[in-house]
Q: 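Please see the structure below; I have some questions.
As the structure is a prediction and not an experimental result, all values here were calculated from the model. Atoms within each ligand, like the ligands themselves, are counted from 1 in listed order.
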Amino acid sequence: MADAVAWFLAECLAEDPSLVLGLPTGRTPIPMYRALVKLHRQGRADLSRATTFNLDEFVGLPARHPGSYHAFMRKYLFKHVNLDPSRTHLPHGDAPSPVAEARRYDAEIAAAGGLDIAILGIGANGHIGFNEPDRSLPAGTNVVTLKAASRAGNAAAFGGEVSRVPTRAISMGVGTILSARHVLLIATGAGKASIIAQALQGPVTTRVPASLLQLHPRAAVVLDRAAAARLTE
Ligand code: PGA
């Protein structure tokens with residue numbers, strides 16, 4: 001998965017060096033970022049003119065906080081490649097008004113011409129970004145309340161203590177994600193097999209936010225065998 005996506009990105013960057021990328025955090029993309037850094041070191045991936053927008057950030061955390069997604073991105077990608085820091089974007093978790101920050105973020109994405117490729121992980125509950133399963137979902141970037149499972153999944157970056165994981169996040173909305181010209185969903189491991197089958201082969205429903213990707217005309221899914229194990233064809 002990691003090599004396939006890294007090579008794909010390197011090829012896309014060679015064709016269009018000024019790509020606007022939507023980027024995920026989480027355990028799944030770490031090997032992908034490592035593979036991309038490796039290609040960069042080999043002179044095969046030039047990010048000098050690319051622009052990036054991350055999917056989400058925790059409300060209340062400044063960029064320097066070690067549990068922030070800003071810190072994650074510095075650690076796994078930004079400090080290893082030639083991205084221009086002025087063209088890497090994440091929502092500011094410590095903005096005085098998270099709601100205003102969410103609106104500003106969508107405006108910033110629009111000003112960059114929209115996302116060319118949105119790379120997404122999937123939560124075991126089907127979330128994309130931090131759009132958690134619900135009766136309805138906001139289209140634009142918004143302030144979201146995290147489900148217990150999503151907070152637990154992030155505890156490692158907070159000394160293993162779920163209670164220290166923020167309760168809210170600013171997340172790109174499903175409309176922002178679906179407006180990307182291409183969408184690439186990545187998943188690995190047996191723990192994702194059931195939700196991948198639901199998202200790809202079940203009904204389109206906001207109860208499984210990733211199922212909305214079935215509506216996108218240019219969506220691709222990259223899985224390892226374990227994550228693909230419950231697909232029926
Ligand atoms: P994971 O998270 O890669 O750590 O499983 C994915 C997600 O929750 O979007």
Side-chain angles (χ1 to χ4, degrees), residues 1-6 9 21-36 52-59 61 66-73 75-77 90-91 93 115 117-134 137-138 141-142 144-160 162 165-174 176-178 180 183-200 206-213 216 219-230:
M1 183 286 288
D3 285 335
V5 176
L9 287 177
L21 299 170
L23 295 180
T25 50
R27 283 171 294 271
T28 312
I30 292 174
M32 175 192 88
Y33 289 136
R34 291 211 172 104
L36 186 59
T52 67
F53 286 93
N54 267 81
L55 288 169
D56 39 28
E57 179 59 285
F58 293 110
V59 168
L61 298 192
S68 70
Y69 286 155
H70 277 83
F72 177 102
M73 291 308 296
K75 177 174 176 186
Y76 291 108
L77 184 67
L90 291 94
L115 303 175
I117 306 174
I119 304 169
L120 312 169
I122 180 172
N125 66 3
H127 73 202
I128 45 174
F130 266 135
N131 297 287
E132 303 280 22
D134 208 339
L137 293 172
T141 296
N142 224 293
V144 296
T145 300
L146 303 179
K147 297 266 192 219
S150 299
R151 292 180 68 215
N154 279 275
F158 295 85
V162 183
V165 180
T167 55
R168 294 185 304 157
I170 298 170
S171 174
M172 233 184 242
V174 288
T176 313
I177 291 169
L178 291 173
V183 175
L184 196 55
L185 182 72
I186 58 173
T188 49
K192 297 287 170 69
S194 165
I195 196 65
I196 279 291
Q198 281 182 65
L200 303 188
T206 57
R207 298 286 183 192
V208 182
S211 70
L212 296 171
L213 300 176
H216 196 285
V221 183
V222 186
L223 308 168
D224 68 356
R225 282 179 194 283
R230 309 252 320 237

Q: Please could you name the atoms of ligand 1 that Gly26 approaches to less than 4.0 Å, counting only its heavy atoms?
A: 3 (O), 4 (O)
Q: Got the closest protein heavy atom to atom 3 (O) of ligand 1, with its distance?
A: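 Going by distance alone, atom 3 (O) of ligand 1 is nearest to Thr28 OG1, 2.5 Å.
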Q: Would you call the rings of Phe72 and Tyr33 parallel, tilted or perpendicular, where under 30° means parallel and over 60° means perpendicular?
A: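 If you compare the ring of Phe72 with that of Tyr33, the planes turn out perpendicular.
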Q: Tell me which protein heavy atom sits closest to atom 9 (O) of ligand 1, plus the residue, atom name and distance to 0.1 Å.
A: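 Nearest neighbour among protein heavy atoms for atom 9 (O) of ligand 1, to 0.1 Å: His127 NE2, 3.4 Å.
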Q: In terms of residue, atom name and distance, what is the protein heavy atom nearest to atom 6 (C) of ligand 1?
A: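 So the nearest neighbour among protein heavy atoms is Ile122 O, 3.5 Å.
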Q: Apply the test ring pair (Phe, Tyr, Trp, His ring centres under 6.0 Å) to residues Tyr76 and Tyr69: give CA-CA distance (whole Å), side-chain angles for both, the deciding distance (0.1 Å), then the verdict.
A: CA-CA 10 Å; Tyr76 291 108; Tyr69 286 155; over 10 Å; no
Q: Once you round to the nearest 0.5 Å, how far does NZ of Lys147 lie from OG1 of Thr167?
A: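 Going from the NZ atom of Lys147 to the OG1 atom of Thr167 covers 13.5 Å.
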Q: Would you check whether Arg27 has a nitrogen or oxygen atom less than 3.5 angstrom from a nitrogen or oxygen atom of ligand 1?
A: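 Looking only at distances, the answer is yes, because the N/O contact criterion of under 3.5 Å is met.
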Q: About how many Å separate CE of Met172 and CD1 of Ile177, when rounded to the nearest 0.5 Å?
A: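 Reported to 0.5 Å precision, the distance equals 6.5 Å.
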Q: Considering non-hydrogen atoms of the protein only, which is the closest contact for atom 5 (O) of ligand 1, and what is the distance?
A: Lys192 NZ, 2.5 Å
Q: Output the list of atoms in ligand 1 that are nearer than 4.0 Å to some heavy atom of Gly121, sorted by atom number.
A: 9 (O)
Q: Work out which heavy atom in Val221 is nearest to a heavy atom in Leu200; give both atom names and the distance.
A: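 Closest heavy-atom pair between Val221 and Leu200: CG2-CD2, 3.9 Å.
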Q: For Ser211 and Gln198, test the side chains for any donor-to-acceptor distance below 3.5 angstrom and give the result as yes or no.
A: no
Q: Quick check on contacts: which atoms of ligand 1 are under 4.0 angstrom from a heavy atom of Gly123?
A: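 Contacts of ligand 1 toward Gly123, numbered from 1: 7 (C), 8 (O), 9 (O).
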